[in-house]
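A short worksheet on the structure shown next.
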Amino acid sequence: MSSPGPRCPVREQRARWERKRGRTALELLETERRYQEQLGLVLQYFVCILRAKGTLRPAELQAVFGPWEAVHAASQELLPHLEAGRWGAGLAGLCRHLELYTRFAANQERASATLQKWLKKKRFRRFVRLQEGRPEFGGLRLVDLLPLPLQRLQQYENLVVALAENTGPDNSDYQQLTKAAQKLSEVTQKVSAIGREHENGRQLQRIQTLLSGRHAKGLTKGRWFLRQGWLLVVPPKGEPKSRMFFLFSDALLMTKPRSVLHILYGGTFVCQALYPMAQCQLQRIFGHSGGSGGGLLSLSFPHEKLLLMSTDQEALSRWYHSLTAAISHTR
């Protein structure tokens, strides 16, 4: 009986890369087919019908669906390349359309607000439910399908990066796949930044509705929300007082709650002071050990000093790191 030949680690590694490349390519193809099918359902049963019936004016249709038709056309262009195994050429072509995904992300807030406004109308709501009830949708709702392009963008990045990493430099697709992976990562980062801006805007609007008093205005411009929570303010004399703090990228806002029985502002917070983080000197007095004894922070400003205490040392540590980040942001 002949013994097997010597193992070749390089050949084995290349075989593993090729198997993973094949699995990734197949997943990209199968998920693209499903993606195009779902894009087509929304286009056929919502966009085209709403346009034909004149239910939504062109501006409103654009507000709800953004560049949906162009995204669908880009998928239609890509899929034949994937089915023929032309991965590099297909993905290079997709990269020429990635600006559509940035536009789609920028339109998300407007799309959600416009759709919610129209869903309050009985006839439109009935139409949407009728379309969603078609067997082709498999129980999916329109609100579930509208984020589909942004979900697909993340899948594109994951799959194309994996495809590029498992393609050797001697492969004819290598250069195109590498460039496509880099481009997809760049666009995904842009879309993520847009999403963070939208989320920050929602947080600032939420906080604005909670506030009253002379410092309540102007909190929605040019700042990032970092943290909120209760802390004890330790005065030079007397007992500590519980206050709600809102930390932004450039300022710390101290508030106290109004009575829920207040005629106009029940349940809101009175803005007491707004401290600029650019002028803050931060020091942790105690609360370094990670125990259960709480801790104390000292915040020094040109004309005032704050001593902030928490009985939860872990929470105080999070505040310390957030305050440090805000101070660094302003310098």
Side-chain angles (χ1 to χ4, degrees), residues 35 62-68 70-71 74 94-95 97-117 142-162 180-211 215-230 244-253 255 269 271 274-278 280 282 314-315 317-331:
Y35 175 52
Q62 178 68 23
V64 174
F65 297 100
W68 195 277
V71 170
L94 174 67
C95 288
H97 301 294
L98 288 181
E99 182 59 28
L100 294 171
Y101 288 84
T102 306
R103 286 168 47 198
F104 194 90
N107 188 61
Q108 277 294 90
E109 292 288 287
R110 182 178 172 223
S112 178
T114 306
L115 179 61
Q116 291 307 313
K117 182 187 77 172
L142 180 59
V143 292
D144 300 322
L145 290 167
L146 283 181
L148 188 63
L150 298 185
Q151 296 166 2
R152 184 56 176 166
L153 178 66
Q154 186 62 65
Q155 290 177 336
Y156 278 145
E157 183 192 12
N158 295 338
L159 291 169
V160 175
V161 167
Q182 181 180 354
K183 182 64 176 177
L184 279 161
S185 296
E186 291 171 358
V187 173
T188 302
Q189 289 175 15
K190 288 182 182 179
V191 167
S192 296
I194 292 170
R196 289 193 296 271
E197 288 179 3
H198 286 169
E199 174 59 24
N200 185 62
R202 287 191 290 270
Q203 291 285 4
L204 293 176
Q205 289 177 5
R206 175 187 65 82
I207 293 168
Q208 189 75 66
T209 64
L210 295 174
L211 302 178
H215 292 291
K217 304 301 180 184
L219 292 179
T220 58
K221 295 181 180 179
R223 44 175 51 116
W224 286 81
F225 169 69
L226 300 180
R227 179 174 294 281
Q228 76 178 71
W230 294 96
M244 172 64 77
F245 285 87
F246 297 89
L247 177 62
F248 305 96
S249 54
D250 64 333
L252 177 67
L253 178 64
T255 72
F269 294 89
C271 301
L274 187 66
Y275 300 99
M277 298 311 296
C280 179
L282 175 65
E314 184 178 341
S317 181
R318 290 195 293 268
W319 269 103
Y320 177 78
H321 291 299
S322 296
L323 288 162
T324 301
I327 292 169
S328 300
H329 177 80
T330 60
R331 294 175 181 174

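Heavy-atom basis, side chains included; hydrogens, waters and symmetry copies ignored. Nothing fancy with the numbering, it's 1 onward along the sequence.
- With sequence neighbours excluded, the residues forming a side-chain hydrogen bond (donor to acceptor under 3.5 Å, both in side chains) with His97 are Glu77, listed by chain and number.
- In plain terms, the two heavy atoms of Phe225 and Phe248 that are nearest each other are CA-CD2, 4.0 Å.
- Of all heavy-atom pairs spanning Leu211 and Cys271, the tightest one is CB-SG, 3.8 Å.
- Applying the side chain to side chain contact (heavy atoms under 4.5 Å, CB included) rule to Ala63 yields the partners Arg110, Thr114; only residues at least two apart in sequence or on another chain are considered.
- Annotation: side chain to side chain contact (heavy atoms under 4.5 Å, CB included) contacts of Glu186 (sequence neighbours excluded): Gln182, Lys183.
- To the nearest 0.5 Å, atom CE of residue Met277 and atom CG of residue Leu323 are 5.0 Å apart.
- Partners of Ala251 under the side chain to side chain contact (heavy atoms under 4.5 Å, CB included) rule, at least two apart in sequence or in another chain, are Arg223, Leu274.
- Remark: Tyr320 pairs with no residue by the side-chain hydrogen bond (donor to acceptor under 3.5 Å, both in side chains) rule, at least two apart or across chains.
- Using a 4.5 Å cut-off on side-chain heavy atoms (C-beta onward), Phe246 and Leu252 make no contact.
- The heavy-atom pair separating Leu226 from Ala326 by the smallest distance is CD1-CB, 3.8 Å.
- Closest approach of Ile194 to Ala105, counting heavy atoms only: CG2-O, 3.7 Å.
- Panel note: side chain Asp250, backbone Pro276; no donor-acceptor pair is recorded below 3.5 Å.
- With hydrogens and angles disregarded, a donor-acceptor distance shorter than 3.5 Å links the side chain of Thr209 to the backbone of Arg206.
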Q: Could you go through the side-chain contact (heavy atoms from CB on, under 4.5 Å) check for Tyr35 and Tyr156 one step at a time?
A: CA-CA 11 Å; Tyr35 175 52; Tyr156 278 145; 3.6 Å; yes
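- Cys95 and Ala180 get closest at one heavy-atom pair: SG-CA, 3.6 Å.
- Distance check: Ile327 CD1 to Ser322 OG gives 11.0 Å after rounding to the nearest 0.5 Å.
- Interatomic distance, Leu153 CG to Tyr101 OH, rounded to the nearest 0.5 Å: 7.0 Å.
- Every residue meeting the side chain to side chain contact (heavy atoms under 4.5 Å, CB included) condition with Glu199, not counting sequence neighbours, appears here in chain and number order: Arg202, Gln203.
- The CG atom of Leu150 sits 10.0 Å away from atom CD of Gln154, with the distance rounded to the nearest 0.5 Å.
- Note: Trp68 and Phe104 have tilted aromatic rings, judged against thresholds of 30 and 60 degrees for the angle between ring planes.
- Sequence neighbours left out, the pairs with a member in residues 146-162 that pass salt bridge (charged side-chain N to carboxylate O under 4.0 Å, His left out) are Glu32-Arg152.
- Every residue was checked against the ring pair (Phe, Tyr, Trp, His ring centres under 6.0 Å) condition with Phe245, not counting sequence neighbours, and none meets it.
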Q | Steps toward side-chain contact (heavy atoms from CB on, under 4.5 Å) verdict (Leu184, Val161) | A | CA-CA 9 Å; Leu184 279 161; Val161 167; over 6 Å; no
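- Applying the side-chain hydrogen bond (donor to acceptor under 3.5 Å, both in side chains) test to Thr324 and every residue at least two apart in sequence or in another chain returns nothing.
- For Trp224, the ring pair (Phe, Tyr, Trp, His ring centres under 6.0 Å) test picks out no residue, with sequence neighbours left out.
- Closest approach of Leu146 and Leu115 over heavy atoms only: CD1-CD2, 3.5 Å.
- Here the straight-line distance linking atom CG of Leu253 with atom OH of Tyr275 works out to 9.5 Å at 0.5 Å rounding.
- Taken from CD in Gln62 to CG in Asn107, the straight-line distance is 6.5 Å, to the nearest 0.5 Å.
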